[in-house]
Amino acid sequence: MKDDVPPPVQRQVRVALPPARAFELFTRQMGRWWPFRGHSCFDAEACDVLFDGRVGGEVTELARDGRRMTWGVLVEWQPPDGFAMRWHPGLDAAEATLLRVRFTAAADGGTEVAIHHSGWEARGAAAAEKRDQYDQGWPAALAVFAGYAAQADTRAGLQEPLQ
């Protein structure tokens with residue numbers, strides 16, 4: 001690795017759900033837990049995130065007024081183990097970084113959700129600054145996800161099956 005390329009952001013959180021359930025909550029229900037304010041293209045006007053669950057499928061943010069913004073394109077889709085995508089929310093695809101999210105079963109029946117965010121050189125002169133912003137942002141997003149997953153775990157018997 002070249003000295004001027006910022007290192008990957010690596011963060012993880014453990015949730016008390018099996019990997020398949022954690023994967024579904026993270027992807028199919030992202031609009032229910034993602035901290036849109038300050039962490040999205042449409043900020044407080046954002047209302048959902050859609051995953052076109054296939055390699056080549058887009059991940060898209062939706063605004064309340066119907067606008068859409070592409071967050072990136074899936075380059076791996078392996079439920080319930082994880083996914084990877086070229087990440088460029090609101091940016092040109094030429095500025096895409098690589099985001100990998102893995103869901104690994106823990107011995108206690110829970111799941112470790114791990115983020116590996118790399119490819120900062122695509123952001124050019126702003127690479128180090130953007131990497132540092134995500135180094136602060138991913139822990140916040142994962143903390144919100146963990147809270148949502150904990151609520152889902154306590155309501156497990158009341159929730160409708162995921163499709």
Side-chain angles (χ1 to χ4, degrees), residues 1-2 4-15 17 19-43 46-63 67-106 110-149 152 162:
M1 179 165 70
K2 296 186 327 187
D4 58 340
V5 176
V9 171
Q10 298 183 81
R11 298 288 186 206
Q12 60 278 327
V13 67
R14 182 177 288 240
V15 295
L17 298 170
R21 182 74 172 137
F23 183 91
E24 286 292 325
L25 293 180
F26 196 97
T27 58
R28 303 282 185 216
Q29 295 186 30
M30 185 176 269
R32 295 183 184 176
W33 65 266
W34 185 263
F36 288 118
R37 190 175 302 274
H39 298 282
S40 69
C41 299
F42 298 123
D43 203 52
C47 65
D48 206 355
V49 177
L50 302 176
F51 278 73
D52 179 6
R54 63 183 175 83
V55 172
E58 288 190 345
V59 177
T60 307
E61 178 182 330
L62 302 177
R67 289 175 295 159
R68 295 173 172 256
M69 185 67 67
T70 299
W71 279 11
V73 176
L74 293 162
V75 295
E76 292 177 17
W77 183 255
Q78 300 172 330
D81 299 323
F83 66 90
M85 63 186 284
R86 302 297 301 162
W87 175 265
H88 57 92
L91 301 172
D92 186 276
E95 294 185 57
T97 54
L98 180 62
L99 174 65
R100 292 185 185 280
V101 183
R102 295 289 176 243
F103 300 82
T104 305
T111 300
E112 181 175 292
V113 181
I115 300 276
H116 182 97
H117 195 164
S118 63
W120 300 106
E121 60 275 11
R123 297 292 175 92
E129 176 187 356
K130 293 300 179 187
R131 188 258 179 224
D132 290 347
Q133 289 172 355
Y134 278 98
D135 196 38
Q136 299 300 310
W138 280 122
L142 288 174
V144 175
F145 173 70
Y148 181 73
L162 294 170

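From a predicted model like this one, the values you see are computed outputs, not experimental measurements.
The two atoms that bring Phe51 and Thr27 nearest to each other are CD1-O, 3.3 Å, heavy atoms only. Taking every heavy atom of both residues into account, Thr111 and Pro19 meet most closely at OG1-N, 2.9 Å. Nearest approach of Thr97 to Gly119, heavy atoms of both residues: CG2-O, 3.5 Å. Between Pro89 and Arg123, the shortest heavy-atom distance links the atoms CD-NH2, 4.4 Å. For the residue pair Cys41 and Gly90, the shortest heavy atom distance occurs at SG-N, 3.6 Å. Of all heavy-atom pairs spanning Asp43 and Gly38, the tightest one is OD1-N, 2.6 Å.
Residues Tyr148 and Gln29 form a side-chain contact, since some pair of their non-hydrogen atoms from C-beta on lies under 4.5 Å apart. Counting only heavy atoms from C-beta outward, the side chains of Ser40 and Trp71 approach each other to under 4.5 Å.
The side-chain contact (heavy atoms from CB on, under 4.5 Å) check on Asp135 picks up Val9, Arg11, Arg131, with sequence neighbours excluded. Scored by the side-chain contact (heavy atoms from CB on, under 4.5 Å) test, Asp48 finds Leu50, Leu62 as partners (sequence neighbours excluded). Ala114 is linked by a side-chain contact (heavy atoms from CB on, under 4.5 Å) to Gln12, Glu112, counting only residues two or more places apart in sequence or in another chain.
Among pairs with a residue in residues 80-96, those fulfilling side chain to side chain donor-acceptor pair (under 3.5 Å) read Trp87-Tyr134, at least two apart in sequence or across chains.
Taking CZ from Phe36 and CE from Met30, the interatomic distance works out to 8.5 Å, rounded to the nearest 0.5 Å. The distance from atom NE2 of His39 to atom CH2 of Trp34, rounded to the nearest 0.5 Å, is 7.5 Å. With values rounded to the nearest 0.5 angstrom, Glu24 atom CD is found 11.5 Å from Leu17 atom CG. Interatomic distance, Arg68 CZ to Phe42 CZ, rounded to the nearest 0.5 Å: 10.0 Å. With values rounded to the nearest 0.5 angstrom, Asp52 atom CG is found 9.0 Å from Trp77 atom CH2.
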Please set out all donor-acceptor pairs under 3.5 angstrom arising from side-chain atoms of residues 98-106, sequence neighbours excluded.
{"unit_1": "Arg100", "atom_1": "NH1", "unit_2": "Glu76", "atom_2": "OE1", "d": "3.3"}
{"unit_1": "Arg100", "atom_1": "NH1", "unit_2": "Glu76", "atom_2": "OE2", "d": "2.5"}
{"unit_1": "Arg102", "atom_1": "NH2", "unit_2": "Glu76", "atom_2": "OE1", "d": "2.6"}

In residues 136-147, what donor-acceptor pairs under 3.5 Å come from side-chain atoms, sequence neighbours left out?
{"unit_1": "Trp138", "atom_1": "NE1", "unit_2": "His117", "atom_2": "ND1", "d": "2.9"}

